[in-house]
Amino acid sequence: MTEYRLKEKAAIGAATAKADGATLLEETGIALVAMTTRNGKSRAMTTAFKKRFGCPPPGPTDAITADAVTVMASALDQVFVAAAMPPASLLDDLTAAFGKTATLTDQSDGWARLVLTGPRAPETLERLSMVDLSPSGFDTGQVARTVFEHLNVIVMRDKPKRGETYRYVILTPRSSAEDLHHALLESPPFRG
Amino acid sequence: MNADFRIKGGLIDRKTPLGFSFNGRTMAGYAGDTVASALLANGVHMVGRSFKYHRPRGILSAGVEEPNALITLGRGADQDPNIRATVAELHDGLEAFSQNHVGSLGADLMAINDLAWPLLGAGFYYKTFMWPAAFWEKLYEPLIRRAAGLGALSGEDDPSRYDKGYRHCDLLVIGSGAAGLMAALAAGRAGRDVILAEQDFMLGGRLNAETDVISGDPATVWAAKVVAELTAMDNVRLMPRTTVYGAYDHGVYGALERITDHLATPGDKPRQVLWRIYSKRAILAAGSIERPIAFGHNDRPGVMLAGAVREYANRYAVAAGQAVTVLTNNNDGWRTAHDLAAAGVDVSAIIDTRQDVALKPPQGTRLISGAGVTDTRGRGRLKKITLTTGEVLKTDCLAVSGGWSPTVHLTCHHRGRPVWDETIAGFVPAGDLPPGMIVVGAANGRMGLSEALADGVEAARAVCRDLGGKVTTKTPAAEDWPFAIEPCWHIPSGKTRAWVDFQNDVTTKDIKQAHQEGFRSVEHLKRYTTMGMATDQGKIANIPGLAMMAEIAGKSMDAVGTTIFRPPFTPVPIGAFAGRGRGRHFMPTRKTPTHGWAEEQGAVFVEAGLWKRAQWYPRPGEDHWRQSVDREVIATRSSLGICDVSTLGKIDIKGADAREFVNRVYSNGFAKLPVGKVRYGLMLRDDGFVMDDGTTACMADDHFIMTTTTANAGPVYRHLEFCRQCLWPDLDVALISTTDQVAQFALAGPNSRRLLEKIVDPGVDLSNEAFPFMAAAEIPICGGIMARLFRISFSGELAYEIAVPARYGDALVRVLMEAGAEFDITPYGTEALNVMRIEKGHPTANELNGQTSAHHLGMEKLLSPSKDFIGRVMAWREELIRPDGIRLVGFKPRDPQAMLTAGAHFLDRGAPARASHDLGWMSSVAYSPMLGTSIGLGFIREGHDRMGDSVRAVDFVRGKDIEVEITSPHFVDPQGRRLHD
């Protein structure tokens with residue numbers, strides 16, 4: 001057995017940023033798998049989905065959370081599945097559920113996962129997003145794939161946890177995540 | 001502070017006195033003042049010099065339309081020129097400076113221009129500076145620019161922060177006067193999501209300048225109550241200090257919010273934010289802008305717009321003069337006389353150009369009807385005026401009203417053409433508005449207060465009809481000041497100059513001259529005379545100028561029309577358009593998982609697209625990049641090198657038809673690529689030229705991993721998606737980029753296998769037999785971490801590429817460095833990588849430049865004859881395959897000391913250096929530490945048949961003419977034995 005071991009490193013590894021009315025943190029330990037329905041398998045995939053999650057697959061720009069697994073449909077036939085487990089476990093789970101009806105690709109390390117919470121979170125986002133992500137324009141459970149400051153993002157308005165007013169999950173490619181993190185912290189209420 | 005000009009009342013905050021300076025003179029004002037109102041309160045009228053003639057200029061208006069009172073705020077890097085004093089909010093410590101003079105403001109040396117005025121009329125540049133032509137750029141233009149102009153930039157970087165933002169609403173209300181407030185209130189109460197944008201720092205618009213009464217309250221009180229109610233509504237956002245400057249497609253409006261311009265200490269907030277407002281509907285309640293009348297020497301400080309004089313009195317508690325005279329052609333001018341008189345200011349006379357006026361002047365004010373003004377006197381400040389009757393009146397402020405022009409600018413941003421309304425003598429919006437826009441109040445030519453209030457409610461009702469919600473708000477009661485006008489655009493003043501456009505020094509004479517010289521369209525008039533240009537864009541000058549044009553041409557105003565109004569409505573700093581995207585953050589940066597480690601090694605980085613890649617890793621004692629690169633190459637070829645190749649594009653191709661898909665997009669065969677094997681692939685465009693190359697591994701029958709060049713990762717992915725979605729939607733294929741998902745390293749050199757054997761888990765056999773050249777597999781390393789291993793080589797050495805999930809990238813490079821220490825493992829950057837690939841004759845972006853074909857590259861064998869693929873037909877075009885065409889070959893200088901340069905062109909010895917003798921070009925060069933000489937790759941006609949020939953490599957840019965030998969492009973290990981070791 002080789003003596004060498006590899007240690008995981010987060011995409012940004014930055015400390016949680018807190019400001020008056022908003023908090024930004026990088027969440028790790030959440031596996032992410034891209035799922036695409038295979039040609040001609042739409043009906044079979046829907047059946048498999050209902051069996052696994054107890055509901056139909058979400059339509060574009062919607063997300064569902066069932067059994068501690070979140071399924072985000074960021075565009076037509078563009079679905080990401082997230083769950084707090086090792087990537088291999090999520091892949092195994094989904095492979096067992098969907099078999100040959102869907103194509104699955106591990107994306108857990110391709111995307112950094114930032115979580116923005118707090119009553120002033122919409123103020124942060126309106127400096128970055130052309131899409132209306134305000135509470136009145138973007139419901140809990142909605143998903144948008146868009147750009148912030150030229151950077152690719154998938155944004156989901158998540159159900160707030162206890163004590164939180166708003167909660168947004170922002171996925172962004174790992175290689176440029178530092179810049180996106182910076183862009184969020186350049187916005188109110190973190191700065192100005 | 002000179003208390004003489006500060007009167008009672010007003011909306012200023014007298015409990016908050018502020019100190020400021022103008023041209024170094026310290027003065028005082030109050031919170032709620034603008035720089036202009038504070039200057040007037042201190043008795044300062046003359047604030048600048050005119051553009052061309054350098055004539056003294058004073059404050060003319062009280063708003064954004066101001067053409068004269070342009071000042072510079074701040075100093076040093078913070079210097080901000082061409083700020084309208086009439087809208088600059090006063091703050092403690094503000095420093096203001098006048099512009100466009102040599103010497104002091106009072107004794108401007110350039111005022112000599114005014115004496116030469118007969119020579120400086122419209123078009124004088126074009127007529128005067130004709131000869132000699134060479135003088136124009138070097139002499140004339142610099143001189144003219146120095147003599148004529150506005151404020152100056154500091155030349156330093158702007159230290160302010162700017163930002164951008166995006167807001168969405170059901171209804172955008174532009175302007176917060178009576179109509180705008182009413183519309184926002186009615187729509188807000190009906191539950192619509194409303195944004196109310198107001199360019200002023202105080203909401204209320206014209207109501208703050210008037211003494212109107214609404215619902216029994218003074219209009220200012222009514223406005224304050226409405227603002228308070230709007231502030232309390234969650235569904236209404238108020239945006240004061242925000243100018244909506246442009247109407248764009250699909251209900252999108254551009255708006256500039258001034259966040260800290262009014263603060264003595266701006267703090268950490270951005271100075272300004274440029275908003276893009278997405279609206280479902282917009283209500284334009286922009287009001288109207290007063291215009292002057294042209295008469296002799298009407299540009300003298302102390303000659304002001306009547307509505308502005310009234311606003312300074314009512315809102316800012318400032319008397320613009322001690323003996324004010326009113327000149328008007330409409331009823332509104334009379335309001336100024338009455339309000340000033342009520343405030344205790346002496347109003348000497350009302351001069352009404354109309355004959356029969358049934359209005360009653362204030363007590364003690366003389367009415368002179370059917371008359372006008374022909375001249376003014378006073379050095380630096382108005383002292384006397386001469387009437388058409390010949391009478392001379394003493395006055396220190398002449399309040400002029402030539403009527404009001406609806407602020408239609410935003411209605412024209414989609415090429416709408418306003419129409420002339422005789423009743424108000426102004427252009428009003430026609431039906432061709434930007435979709436979703438409703439125009440209300442004075443902006444729509446409805447000049448009465450009660451009309452404005454009613455319009456606001458009605459517009460809100462129309463919006464709610466479309467979007468939902470019920471308007472229950474009633475129009476409050478208000479009394480109108482009846483608007484009546486009899487146009488008078490200019491008063492004949494003999495040979496005395498009468499100004500139409502104050503900012504550009506355009507007089508009535510210039511307009512007549514333009515017409516005489518054939519510039520008769522409004523657009524030509526504008527360009528020839530410069531009327532309506534510069535910072536104010538003719539907000540007050542255009543209509544009088546066009547009216548003069550109509551009069552001269554004998555046309556109606558409708559027939560003359562207006563010039564096109566375009567965004568921005570008022571100036572927007574370039575910094576605001578740039579927003580936060582400047583310096584390091586001009587564009588995003590992509591970093592590989594080992595970036596931090598590379599920084600620790602002191603790597604020098606290079607930009608590759610958005611990526612930062614280590615270019616070389618200098619070591620102590622190396623003071624030239626070549627030393628580092630030569631060392632890295634030699635170390636790699638002799639033992640072991642490691643290079644981060646995470647930036648290469650990686651695309652997962654999965655599905656039952658993945659193999660067929662790959663086979664169609666590459667020109668060479670992939671149909672029979674076994675599982676666990678990698679193959680080099682050549683990808684063509686539709687036109688047969690090479691698009692990209694790379695390796696693709698077959699991980700399973702339904703799973704391929706394609707590698708692209710770093711630069712082409714995006715374009716190739718886009719191309720593949722186009723093929724998948726549009727060309728072959730019947731194929732069962734899914735694509736996804738995994739570029740960010742994995743960290744990938746090239747391990748090259750004779751000891752690369754030995755290193756890998758130290759980190760793989762037991763049971764993994766890396767022997768040449770078990771894992772030969774071009775093998776691929778998923779293997780466990782470091783105690784169970786799954787990695788992908790490819791035995792491929794760009795360097796020409798025994799080499800591998802190993803990929804792990806990105807989270808392990810940093811750890812893996814550290815492990816490889818530690819485990820490789822016994823082999824003197826050497827990190828190498830893109831420069832060494834480039835040297836080694838040139839030594840091996842591998843093409844890269846320099847060779848795959850979009851203009852070369854498989855034949856040019858000597859890769860025609862990769863055009864499979866037994867299958868269809870993208871670019872197949874066009875790749876065999878006659879020109880691309882001609883026998884005497886260019887071919888990729890190697891080049892060595894005959895003199896081993898000579899250094900080749902990329903970009904050099906090849907010529908036969910003795911051939912003249914002309915394009916007609918051009919044989920090709922050098923695409924890549926490097927110094928080969930293995931060969932001890934400079935080498936190059938390049939394309940030359942019939943290169944494959946000219947091995948050993950000598951040609952010249954001529955580089956005019958760098959002044960080089962080097963004799964080179966044509967060689968094989970494979971300089972090192974041409975048989976490729978090392979790859980298979």
Side-chain angles (χ1 to χ4, degrees), chain A residues 1-11 13 28 34-41 77-78 87-88 100 102-112 123 125-134 136-137 149-152 172-180 182-183 186-188 191-192, chain B residues 161 163-168 193 235 259 267-270 273 276 278 580-581 585 587-593 610-611 646-647 652 654-657 730-734 736-742 758-762 781-783 785-786 804-812 815 818-819:
Chain A
M1 176 71 88
T2 174
E3 69 199 82
Y4 298 106
R5 291 293 177 270
L6 302 181
K7 210 170 140 189
E8 294 182 13
K9 190 174 179 186
T28 54
M35 188 165 100
T36 310
T37 308
R38 293 183 73 156
N39 255 21
K41 304 286 184 188
D77 203 22
Q78 187 183 80
K100 293 281 183 187
T103 300
L104 304 165
T105 307
D106 182 17
Q107 290 276 288
S108 308
D109 290 53
W111 300 77
E123 278 181 61
L125 297 175
E126 74 173 4
R127 291 288 176 93
L128 299 168
S129 171
M130 283 176 277
V131 177
D132 186 3
L133 299 177
S134 68
S136 60
E149 283 292 305
H150 311 284
L151 293 168
N152 181 0
T172 192
R174 182 183 180 110
S175 61
S176 48
E178 252 182 51
D179 268 19
L180 189 87
H182 175 267
E186 279 289 289
S187 306
R191 191 176 176 198
Chain B
R161 281 180 68 216
D163 205 359
K164 290 190 220 180
Y166 310 86
R167 283 187 173 162
H168 301 254
D193 182 9
N235 56 322
I259 306 271
D268 197 32
K269 290 186 174 182
V273 174
R276 189 187 294 184
Y278 296 78
R580 57 170 73 171
H585 296 286
M587 60 183 184
T589 299
R590 298 179 75 181
K591 293 179 180 173
T592 70
L610 298 178
W611 289 101
S646 303
T647 62
D652 247 37
K654 288 180 176 169
D657 297 318
D730 52 319
L731 294 186
D732 177 34
V733 179
I736 192 159
S737 167
T738 54
T739 306
D740 279 54
Q741 165 71 17
V742 296
K758 290 179 73 176
I759 65 157
V760 296
D761 285 356
I781 65 167
C782 299
I785 305 296
M786 292 310 293
V804 289
R807 71 184 70 181
Y808 299 115
D810 180 76
L812 181 57
V815 161
E818 188 188 336

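To find a chain, count down the sequence lines: A is the first, B the second, and so on, and within it residues start at 1.
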- [ ] Considering only heavy atoms and a distance below 4.5 Å, find which of A177(A), S176(A), S175(A) pairs most often with chain B.
- [x] S175(A)
TODO: Could you check which of L180(A), L151(A), D106(A) has the highest count of heavy-atom pairs closer than 4.5 Å to chain B?
DONE: D106(A)
Open item on the list: If I measure from the heavy atoms of chain A, does L610(B) come under 4.5 Å with its side chain, its backbone, both, or neither?
Closed with: neither
- [ ] Give the minimum heavy-atom separation between D730(B) and N39(A), together with the two atoms involved.
- [x] O-ND2, 3.1 Å
TODO: Could you please spell out the steps behind the side chain to side chain contact (heavy atoms under 4.5 Å, CB included) verdict for M130(A) and R276(B)?
DONE: CA-CA 8 Å; M130(A) 283 176 277; R276(B) 189 187 294 184; 3.3 Å; yes
Task: Pair E186(A)-H585(B), side chain to side chain contact (heavy atoms under 4.5 Å, CB included): steps then yes or no - done: CA-CA 11 Å; E186(A) 279 289 289; H585(B) 296 286; over 6 Å; no
TODO: Please name the pair of heavy atoms, one in R127(A) and one in Y166(B), separated by the smallest distance, quoted to 0.1 Å.
DONE: O-CE1, 4.1 Å
Task: Closest non-hydrogen atom pair between A34(A) and I736(B), with its separation - done: CB-CD1, 3.3 Å
Task: Heavy-atom proximity to chain B below 4.5 Å, by part of D109(A) - done: both
- [ ] Output yes when a side-chain donor or acceptor of Q107(A) lies under 3.5 Å from a complementary backbone atom of S737(B), and no otherwise.
- [x] yes
Open item on the list: Donor-acceptor pair, distance only, cut-off 3.5 Å: does the side chain of K654(B) make one with the backbone of L104(A)?
Closed with: yes
Open item on the list: Is it true that R807(B) and S108(A) share a donor-acceptor pair across their side chains at a distance under 3.5 Å?
Closed with: no
Task: Main-chain N/O of R38(A) paired with D732(B) side-chain donor or acceptor, under 3.5 Å - done: no
Task: Heavy-atom contact with chain A under 4.5 Å, split by part of T592(B) - done: neither
Task: Whether R580(B) side chain and A183(A) backbone form a donor-acceptor pair below 3.5 Å - done: yes
